[in-house]
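See below for the structure under consideration.
Below, chain A is the first sequence line, B the second, and so on; all start at residue 1.
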Amino acid sequence: MKSISDYSLTYHSEMPGRFDLPPIWKIVIYLAAAIFFVWSFSGSAFSVKDFFNGIPNMIRLIKEMTPPDLSRISSISKAILQTFQMALVGAIIGIAISFFLAILASRSNTPHPAVYSLTRFIIAFCRSVPDLVWAVIFVASVGLGAFAGTLTIIVDTVGFCGRFFAEAMEEIDHGPEEALQTIGAGRMAIVLSAVVPAAMPSFLNSSLYALEKAVRSSVVLGLVGAGGVGIELKVAMDMFEYQTAATIIIFVFLLVIGVERFSVYARSRCM
Amino acid sequence: MISQLQSSLPVIDRGVGLATIQLELNSINKSFPGRENILKDVSFSANEGDSVALIGGNGSGKSTLLRCCLRLIEPDSGSISLLDHDVCSLDTQGLRKFRTKVGLVFQRHNLVPRLSVLSNVIHGAIGRTSHIGTWRQCTAPGYLREEAMQCLEKVGLAHLAASKADSLSGGESQRIAIARALMQKPEFMMADEPVASLDPKVGREVMELFVELTTNENITLLYVSHDLDHALLYSNKLVALQKGQLMLNGETHSFTKSDLYEIYQ
């Protein structure tokens, strides 16, 4: 029996090289990016020395945080519940708005290129402004409290889900759409009957990530007065009540982990 | 071989000769950027009740021609008359209304994944009814659900009504696609290589079912096929394209298999 080495491997065409040398302009861009990265260390004040000098302070802080103070557990539980409610309502409303905006912002479903550009701009604007900035704007507009936080989460979710929903609709197999088009279906019927079911796994995935993101955001929003447990954490830290702060951090940890576990479970059931 | 197969076919009487013209193409031309003459001066016609096989090599313009007939692709010039509609002059609303009368079965089935078989079949009625609930079987009116079950029974797959479309085999998917096309209640049926992705046995079963159903409903059929036996067996009229040009156009019985082979040379 012949082994593979017994076969003569002869060919007359030129074999392509394993690696292609990139053009000069690409090399210049890579080098410039590398130099900028190195320079960014000074801009970010990155210091290994300061990090190690800070370790004793971290240890002292952790010591002062233990054992966690459970005396205010009732008010902290209420704040945590409000945080989750803000996240849930904000994320669900944001997801619903994203769904309609994404239809207009996907190339294959938009009624007009101008509508596409406008909705893409709205989504990009919602996404590019950080959530804390939105929170400050809404606190100034509707006052301190959970409503400002909920509005912030809605806008933040629209920025996140709007983009991913639109991309999901563009990336699906367009065969079923063509089939319904030949049947004489209108654009809306095609979107509801063919596009949405095909993009649904991606919608669910993005929505669950949006909920996780909303829960994490809603914790921080309280720092600027937009409701939730964040304000409790800020007050505890400002008053040097580190044991109370530890309790709040544990509750936040449990909330975030709980939502993440639910998200993983829901994804495994739906995909 | 062909005569053996023909003897086992269902009785197909298309009553050719008594009917009026349903499809008439005159000098259809189509080019794409970088690809000239995908269709060059193509003209042929089909009568009511005909079964027309459209053959040709890869890139000969068969699929483009079908899509031009429904204006999924706009022809550059020429005229298309289908079911008494001047297809090229229809406005958006008129085009949608016209398309509801023409069924098109694709090679890749194009069923909506994740939806049930029943929902997919009900989609066939989207164009002809104004009912908003046709996008899912759970929201569709009762009479459409019943019609869809009838269509599923016609293709022998009523027992799969609740199954998900993406859980079906290739042959089952194509039968469901045929049921969806029947749900349209079309007056004209087109098929773009409907059995190309199926094994020969299943392909033949699906083709026989397809031809039998269109014959029973007296629906004119125009189908693209790479299988010369299928082209000779299931049609009474045969049209062949080569590099966008019409090479054969006539009664199927006037061609032999070797005539058809020459198209692929």
Side-chain angles (χ1 to χ4, degrees), chain A residues 95-96 99-100 102-104 106-116 164-208 265-271, chain B residues 63 66-67 69-73 90 92-116 119-137 139-140 164-166 173 176-177 180-181 183-186 189-190 192:
Chain A
I95 287 165
F99 175 75
F100 292 106
I103 293 171
L104 303 174
S106 62
R107 278 186 199 281
S108 46
N109 301 307
T110 193
H112 194 274
V115 176
Y116 168 83
F164 286 107
F165 285 5
E167 284 176 2
M169 288 192 226
E170 285 173 0
E171 284 165 6
I172 57 164
D173 172 18
H174 294 291
E177 282 179 69
E178 192 187 25
L180 296 193
Q181 196 185 349
T182 62
I183 287 168
R187 196 65 239 169
M188 204 58 212
I190 291 173
V191 169
L192 290 175
S193 306
V195 178
V196 171
M200 193 51 83
S202 196
F203 285 177
L204 283 172
N205 220 0
S206 301
S207 300
L208 290 166
Y265 170 76
R267 240 176 251 134
S268 69
R269 296 284 297 172
C270 299
M271 298 298 142
Chain B
S63 298
L66 285 197
R67 280 164 172 75
C69 289
L70 284 166
R71 268 189 49 207
L72 293 168
I73 294 174
L90 291 171
T92 312
Q93 207 59 30
L95 189 60
R96 269 180 57 187
K97 208 169 177 184
F98 155 74
R99 283 175 178 162
T100 63
K101 300 176 188 174
V102 184
L104 175 57
V105 174
F106 297 83
Q107 180 188 339
R108 287 176 56 239
H109 328 310
N110 287 345
L111 300 179
V112 181
R114 297 177 64 83
L115 289 193
S116 70
S119 291
N120 269 284
V121 177
I122 288 171
H123 285 170
I126 280 183
R128 70 175 162 90
T129 65
S130 55
H131 199 285
I132 200 165
T134 45
W135 59 299
R136 287 282 203 293
Q137 65 91 10
T139 52
K164 289 273 190 287
D166 35 3
S173 293
I176 301 304
R180 179 175 63 186
M183 186 69 184
Q184 253 183 280
K185 297 188 175 170
M189 187 79 91
M190 295 181 186
D192 189 1

**Prompt:** Given that the side chain runs from C-beta out, which part of A:E178 has a heavy atom under 4.5 Å from chain B: side chain, backbone, both or neither?
**Reply:** both

**Asked** Any side-chain heavy atom of A:V196 within less than 4.5 Å of one from B:W135?
**Response** no

**Complete:** Looking only at B:K97, B:R67, B:H109, most heavy-atom pairs under 4.5 Å shared with chain A are made by B:R67

**Request:** Assess whether side-chain contact (heavy atoms from CB on, under 4.5 Å) is satisfied between A:I103 and A:F165, documenting all intermediate values.
**Result:** CA-CA 8 Å; A:I103 293 171; A:F165 285 5; over 6 Å; no

**Message:** Quick one, A:S202 and A:E171 - any side-chain contact, counting heavy atoms below 4.5 Å?
**Reply:** no

**Request:** Kindly indicate whether the side chain of B:R128, heavy atoms from C-beta on, has any atom under 4.5 Å from the side chain of B:M183.
**Result:** yes

**Asked** Where does A:L192 contact chain B at under 4.5 Å (heavy atoms): side chain, backbone, both or neither?
**Response** both

**Prompt:** Does the side chain of B:L111 come within less than 4.5 Å of B:R180's, by heavy atoms?
**Reply:** yes

**Message:** Quick check on B:L72 against chain A: is it the side chain, the backbone, both or neither that has a heavy atom closer than 4.5 Å?
**Reply:** side chain

**Fill in**
Looking only at A:A185, A:G186, A:G184, the option with the highest number of non-hydrogen pairs under 4.5 Å against chain B is A:G184

**Message:** Please classify the contact between B:V105 and chain A as side chain, backbone, both or neither, with a heavy-atom cut-off of under 4.5 Å.
**Reply:** neither

**Request:** Nearest 0.5 Å please: distance from the CG atom of A:D173 over to the CG atom of B:N110.
**Result:** 6.5 Å

**Under 4.5 Å from a heavy atom of chain A, the part of B:R71 involved** = neither

